[in-house]
There are 2 protein chains.
Amino acid sequence: MRTVRAGDHLDVVTIHRAVRERVGHVSLQAVYDGLHALHRAGLLRKIEPMGSPARYEARVGDNHHHLVCRMCGTVTDVDCATGEAPCLDPVDAAGFLIEEADVIYWGVCPDCHSQNP
Amino acid sequence: MRTVRAGDHLDVVTIHRAVRERVGHVSLQAVYDGLHALHRAGLLRKIEPMGSPARYEARVGDNHHHLVCRMCGTVTDVDCATGEAPCLDPVDAAGFLIEEADVIYWGVCPDCHSQNP
DNA sequence: GCCCTAAACCTGAATCATTCAAGTAAAGGA
DNA sequence: TCCTTTACTTGAATGATTCAGGTTTAGGGC
Ligand SMILES: [Mn+2]
Ligand SMILES: [Mn+2]
Ligand SMILES: [Zn+2]
Ligand SMILES: [Zn+2]
C-alpha cells in the first residue's frame, strides 16, 4: 500500500521491485496477491491501458481520468471534465446499471512532444 | 471487413470462426494480420476492456463510447454525452497533445440485471 | 506454553491472447 | 518468363497473469 501510494500508476513488476527494497524479499506472487486483495477491498484502483501491463494507484473513489502517452506510456491524472461524477451519465444508458466510468485520453506527453517536432 | 461490419464488437476468435464460414479455411494468424492492417489503416476500431480479449468494430471516427456488462461481457455502443468530440477536451490536458478519448462505462446490462434481483 | 486454525507467503507450472519467425504459394507487373 | 511483393500458413515464443499446491508464520483460546 505504501509503495503504491508513493509511486505513480506503477505496474506490478515495478511495485515488486520497490517492495523488495523495502522489505528485503517478496515473491512476485505475493505482490499479485496483495494487490488483488487491496483492489477487491476498494483501496486500490487498477487501470490497464491497452498494450501495457496493469497499473495500480491509491487515488480511489474520486472518478478521475487518465492521460496516456502513446510514445512513452506515461500515465498522468486528469480531473473529470464535467464536475463531480458526470461521466456516469451517458446520454442513453440503454438500460444498463452503470457503476463506474473508465476514461483514457490518448495522446503525446509534453516531453515526447518536444523531442519530436 | 465484411465479417466485422456484420458483427458487433467481435473478438478475434469469433471473427476467425465467422470468416471461416465465409471462405472455407483461414488461419487464425491471417485473421490477426488482416485485422491489424485494417486497424492501422483506420478502417477498424479496436477496444480492449480489461479482462477481455480485444474486440473490433467497423464504426470508426465518430468518437462513440461503450457500455460493458460486468457479468456477461456484452459491449454496447453509446453516443458521446457531450455532443460532437467533447471528450477530447479534459479540464486540464497537462500539456498533452490529445488525439483520442477512450471511454468505457462499467455496469450490468438489462438482461443480467433482470436475472439477478 | 501448547495446539489449532487462518493468514501470509513461496515455488513451479499452466493459461491465454497475441506476436514473432520463417517458410511456401500465388499473383502481377516489367 | 522472371522477379518482386503480397497473402497465407504452421509452429514456436512471449509475457502478464493466474492456478495449484505446499510451507511458514502468527495469534487466540485453553
Ligand atoms: Mn490516476
Ligand atoms: Mn462501438
Ligand atoms: Zn511521452
Ligand atoms: Zn450482461
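We use all heavy atoms of the structure for the numbers below, so side chains are in, but hydrogens, waters and symmetry mates are not. Letters go in sequence order (proteins before strands), and every chain restarts at 1. Computed from a predicted structure; not experimentally measured.
- Smallest separation of non-hydrogen atoms from A:F96 and B:V68: CE2-C, 3.8 Å.
- Listed in residue order, the members of residues 3-12 of chain A having a heavy atom less than 4.0 Å from DNA chain C come to none.
- Whole-Å rounding puts the A:H16 NE2 to C:dC10 C1' distance at 11 Å.
- Proximity of A:I15 to A:V4: side-chain heavy atoms (C-beta onward) are separated by under 4.5 Å at one or more points.
- Inter-axis angle, ends of the helix from C:dG1-D:dC30 to C:dA30-D:dT1, five pairs per end, rounded to 10 degrees: 20°.
- Listed pair A:H25 / C:dC9 fails the phosphate criterion, with no side-chain N or O lying under 4.0 Å from OP1 or OP2.
- Of the residues in residues 29-48 of chain A, A:Q29, A:A30 come within less than 4.0 Å of DNA chain C through at least one heavy atom, sorted by number.
- Atoms CH2 and CG, on B:W106 and B:L67 in that order, are 11.0 Å from each other to the nearest 0.5 Å.
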- Task: Given salt bridge (Lys or Arg N to Asp or Glu O under 4.0 Å), test B:D11 with B:K46 step by step and report yes or no.
- Result: CA-CA 10 Å; B:D11 61 36; B:K46 178 184 184 181; over 6 Å; no
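- Residues B:V108 and B:C69 come closest through the heavy atom pair CA-SG, 4.0 Å.
- Counting non-hydrogen atoms under 4.0 angstrom, A:V13 reaches nothing in the nucleic acid.
- Residue pairs meeting the ring-ring contact (aromatic ring centres under 6.0 Å, His included) criterion with at least one member in residues 8-37 of chain B, sequence neighbours excluded, are B:H9-B:H66.
- Using a 3.5 Å distance cut-off with no hydrogens or angles, the side chains of B:D77 and B:H64 do pair a donor with an acceptor.
- Here the closest non-hydrogen pair linking B:T3 and B:A18 is CG2-CB, 3.3 Å.
- Heavy-atom minimum distance, A:R55 versus A:V75: CD-CG2, 3.9 Å.
- Of all nucleotides in DNA chain D, those with any atom nearer than 4.0 Å to a heavy atom of chain A start and finish, going 5' to 3', at D:dA16 to D:dC19.
- Taking the side chain as every heavy atom from C-beta outward, B:R17 and B:E21 never approach each other to under 4.5 Å.
- In this structure, the separation between OH on B:Y105 and CG on A:D102 is 11.0 Å, given to the nearest 0.5 Å.
- Scanning for ring-ring contact (aromatic ring centres under 6.0 Å, His included) contacts around B:H39 gives an empty result, with sequence neighbours left out.
- Between A:M1 and A:L43, the shortest heavy-atom distance links the atoms CE-O, 3.5 Å.
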